[in-house]
Each structure stands twice: as structure tokens, then as C-alpha cells.
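Counting convention: from 1, in listed order, for ligands and their atoms alike.
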Amino acid sequence: MIYFHEHTDSTNRIAKEMAEEGAPAGTVVVAASQSAGRGQYGRSFNSPLGGLYFSVVVEPDLPLERVPLVTLAAGLACRNVLHANFRVNPAIKWPNDLFLGRKKVAGILCEHLSRHQQSSKGARVVIGVGLNVNSRIEQFDPEVQALVTTLFEHLGREVDIHQLLNDLLQAIASGVERLAVDCLALLEEWQQYDLLRNNSVTYKNQNSNIEGIGQGITPDGLYRITDHTGQKHTIVGGQLRLSTC
Ligand code: BTN
């Protein structure tokens, strides 16, 4: 079932609440714009009219320790739809932002339902996707305008948001199913589009600030970097970005 809102605060908030109240896997919440789109690390996600903002409830058939990989599967699925539909070539910035050139075109935020709300089948996750589609750069907050791009800016034309939504939903569902059957191949495919690999990156968490080189993901979907002294680090939380951005 797809629930459409002209305007809301956050489709992830609504989808999460609905899932906690028993909405089944496959429930989708879409909004034409959001006032408080949720991003990673507690940041907000600018969501002006013209973009595509949706959240889908999924119930991956995976052991709990593999559920974090859902976020990588969703990012790869969205990348592949943009490539197939528009011949653009987005790179994926771990864990799952999509970039065209050095600018962000999409962000994905996966939120897990609290354990006591999990279904008998296993974990349930809300996958939230925000994609800059037909919006114009001037519609974004001034402080992010230099950092974002839109499909419109790349293609020079508007695209059909409803068709795109259908394609993305199908691809995300297949991507999540694929995790259960050929996870290693999916992770290998993901590595082909890794924006950070062999690039200078900066990693920041509460305790440290590391400059290094991106080395790709581990089989658990964590990110590896090597710092300038040659020491290897595996990134669990905190923020990782290209040093030049
Ligand atoms: C990020 O860039 O940090 C992730 C952004 C995810 C934004 C999408 S928009 C639809 C869904 N609803 C939300 O509140 N957030 C996600």
C-alpha cells in the first residue's frame, strides 16, 4: 500500500510509526516535500518540492547480524535504477549517499524498528530515500546549494517521478532479497561504485579525526581506511567523507 502526502515532516517518522503499529512489509509512505527530512548522523535532509521522498517498510529474510547490509543493498539498487533509466553513473559514498560528480544527488537512511516491535519473521527496517529529481538548486537552503545536484541539472529535462518511484521500489525489494541469496556478489558489485576507494578521506567521531585513504568495505559492510602512517582502521560509527568536500 502506498500512502501519499503533499507535505509532511518526515516520511521515515510516519513509516516507522505505522510499522510499529502493525503496518505490513511493503508499506510505502511518499511525500512531495518534507519540513524535517531525517538524514544520517541526526542531520536534516533538505526536501523541497520536485524531489522524491519516500520510505518503505521491509522485512529482510536475514540473520540479525546481516541486517545492516540492507542499507548497502538499497543504495546499490537506487544507483542501478538511475543508471538504467537515465544513463547517469552515480558513485556511492559509504554507506549510501549517491553522488554525481562531486555533488550529492540522493541520500538514504535506514531505521530499524525497536526489538520488541520486530515481526516473528525477523528484523524490520524502514528504508528512507531522498532523491533530488526535478527540483532546482535555488530551492535548496543556501548552505547546501554548492554541495547538491539534481537529475534535472544533469539531464536538462524533468523526469516522471511516479515511474521512478515504481522502479526504485522494485529494485529495492529485489536488492533486499538478493542479500539472502548472493550477498557476496552484491557487495562486490557495490565496490565498483565506491566513491571513497583510493581517495583521500576524513573520518571524524567523538574521539578522533583521521586523515587517510579509502580502502573499500569489509564482508560485514563496514568501511576500511588506511591512515597516513599506514595504520588500518575499520569504521563503525562517525562521519566519513572525501577530504576535498
Ligand atoms: C542522508 O543524506 O543523510 C540520508 C537522507 C535520507 C532522506 C530521506 S527523504 C525520505 C525519508 N524520510 C526521511 O525523513 N528521511 C528519508
At a 4.0 Å threshold, what atoms of ligand 1 neighbour a non-hydrogen atom of [X]?
{"X": "Gly39", "value": "1 (C), 3 (O), 4 (C), 5 (C)"}
{"X": "Lys104", "value": "1 (C), 2 (O), 3 (O)"}
{"X": "Asp97", "value": "2 (O)"}
{"X": "Gly37", "value": "14 (O)"}
{"X": "Phe54", "value": "10 (C), 11 (C)"}
{"X": "Ser55", "value": "11 (C), 12 (N)"}

Return the closest protein heavy atom for [atom] as residue, atom name and distance.
{"atom": "atom 9 (S) of ligand 1", "answer": "Gln34 NE2, 3.3 Å"}
{"atom": "atom 6 (C) of ligand 1", "answer": "Arg38 O, 3.4 Å"}
{"atom": "atom 12 (N) of ligand 1", "answer": "Thr11 OG1, 2.9 Å"}
{"atom": "atom 5 (C) of ligand 1", "answer": "Phe45 CD1, 3.4 Å"}

Assess the residue pair Thr202 and Ser243 against the criterion (side-chain hydrogen bond (donor to acceptor under 3.5 Å, both in side chains)); give the C-alpha distance rounded to whole Å, side-chain angles, the decisive distance to 0.1 Å, and a yes or no.
CA-CA 5 Å; Thr202 305; Ser243 300; 3.1 Å; yes
Step by step, work out the side chain to side chain contact (heavy atoms under 4.5 Å, CB included) result for Asn132 and Asn46.
CA-CA 9 Å; Asn132 305 332; Asn46 229 210; over 6 Å; no
[atom1] of [X]: more than 12 outside heavy atoms within 6.0 angstrom?
{"X": "Glu143", "atom1": "CD", "result": "yes"}
{"X": "Arg197", "atom1": "CZ", "result": "yes"}
{"X": "His228", "atom1": "NE2", "result": "yes"}

Polar contact flag, side-chain donor to acceptor under 3.5 angstrom, Asn85-Gln163
no
Short N/O distance, under 3.5 Å, between Gln40 and ligand 1?
yes
For the pair Asp227 and Tyr203, evaluate side chain to side chain contact (heavy atoms under 4.5 Å, CB included) and give the outcome as yes or no after the intermediate values.
CA-CA 10 Å; Asp227 70 23; Tyr203 171 67; over 6 Å; no
If you measure from atom 14 (O) of ligand 1 to every heavy atom of Gly51, Gly42, Ser10, which option wins on shortest distance?
Ser10
Counting heavy atoms under 4.0 Å, the part of Ile108 that contacts ligand 1 is backbone
So Tyr53 and Phe45, would you call those rings parallel, tilted or perpendicular, with 30° and 60° as cut-offs?
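Correct class here is perpendicular.
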Within the structure provided, determine whether Thr8 and Val29 are in side-chain contact (heavy-atom separation under 4.5 Å).
no
